[in-house]
Amino acid sequence: IQIDTTNVLFICGGAFDGLEKIVEERVGRRSIGFGSESAMSAVERGRILERLMPEDLLKFGLIPEFIGRLPVIVTLSALSAEDLVRVLTEPKNAVTRQFEKFLSLDKVELAFTPGALRAAAEVALDRKTGARALRSIVEESLLEVMYDIPDRTDIRKCIITEETIRSGRLPLLLTKADVEEGVDETNYQEWLAV
């Protein structure tokens, strides 16, 4: 989707943590008693925020002069794990492509297993930082090997696995001989067991 921002003064965005509680109080949906502070799912939070009014922003702490300059208020749905995997892989400048290009400068192919991509998305959801965390998660998994690879001219392929993302295990590094033998991300478990 393309948006013409010629006549847009500014766009205000953020998580606004706690705003849903203010909206809940106004619409009378706030529960009382044990379990009243139970965690709200992302879907429930989105439905509550759809009823956001300017007075809720005022109660949240924004100044009236600022709220008056927000003629349109829109809420966005939270990203799912599948959405985050798409963010990791589909855009032209996706995080995975950036690191693939970075390692290709040392003639090393970078590969991510489907489990690694899913794990990165789930870790980002656990951190509650959305897509912003994806770059740091991938970077953490590659941190050590990014310093080793330039000195190791025998490495041809680096495979990021689910264990690399979740447990901090080193990525699988394949030499020219390993690649010639046909070891890749589909049979790395068998290869590791040998």
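Computed from a prediction, not measured in an experiment: that's the story for all the values here.
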Any [X] side-chain heavy atom under 4.5 Å of [Y] side chain:
| X | Y | result |
| --- | --- | --- |
| Val145 | Ile155 | no |
| Pro114 | Leu117 | no |
| Gln98 | Asn93 | yes |
| Arg118 | Glu82 | yes |

Over all atoms of both residues, closest heavy-atom pair of [X] and [Y]:
| X | Y | value |
| --- | --- | --- |
| Val85 | Ala121 | CG2-CB, 3.8 Å |
| Pro91 | Arg97 | O-NH1, 3.4 Å |
| Ala124 | Gly130 | CB-O, 3.6 Å |
| Val87 | Ala131 | CG1-CB, 4.2 Å |

For side-chain contact (heavy atoms from CB on, under 4.5 Å), just list the numbers for Ile48 and Leu19, CA-CA rounded to whole Å, side-chain angles, deciding distance to a tenth of an Å, and then say yes or no. CA-CA 9 Å; Ile48 289 292; Leu19 188 56; over 6 Å; no
Could you pull out all residues at least two apart from Phe102 that satisfy ring-ring contact (aromatic ring centres under 6.0 Å, His included)? none
Thr113 (side chain) donor-acceptor with Ala116 (main chain) under 3.5 angstrom: yes
Report yes or no: does Asp106 contribute a side-chain atom to a donor-acceptor pair with the main-chain N or O of Val108 at less than 3.5 Å?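 No, the answer is negative, given that no donor and acceptor are paired below the 3.5 Å cut-off.
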Under the rule for side-chain contact (heavy atoms from CB on, under 4.5 Å), what residues qualify as partners of [X], not counting sequence neighbours?
| X | answer |
| --- | --- |
| Ile63 | Glu65, Phe66 |
| Leu125 | Ala81, Leu84 |
| Lys59 | Ile22, Glu25 |
| Lys101 | Ser104 |

Pairs involving residues 136-149, ordered by first then second residue, that meet salt bridge (Lys or Arg N to Asp or Glu O under 4.0 Å) (sequence neighbours left out): Arg127-Glu140
Inter-residue atom distance [X].[atom1] - [Y].[atom2], 0.5 Å rounding:
| X | Y | atom1 | atom2 | value |
| --- | --- | --- | --- | --- |
| Leu103 | Cys158 | CG | SG | 6.0 Å |
| Ile160 | Ile165 | CD1 | CD1 | 6.0 Å |
| Thr75 | Arg47 | OG1 | CZ | 12.0 Å |
| Arg51 | Arg26 | CZ | CZ | 7.0 Å |
| Ile67 | Met53 | CD1 | CE | 12.0 Å |
| Thr153 | Lys107 | OG1 | NZ | 10.5 Å |

Path from Leu173 to Leu170 over hydrophobic side-chain contacts below 4.5 Å: no
Residue pair Leu88, Phe112: steps toward the side-chain contact (heavy atoms from CB on, under 4.5 Å) verdict: CA-CA 10 Å; Leu88 271 171; Phe112 293 83; over 6 Å; no
Around atom CG of Asp126, are there more than 12 heavy atoms from other residues, nucleotides or ligands closer than 6.0 Å?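 Yes.
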Flag if over 12 foreign heavy atoms under 6.0 Å of CZ, Arg156: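 Count over threshold, so yes.
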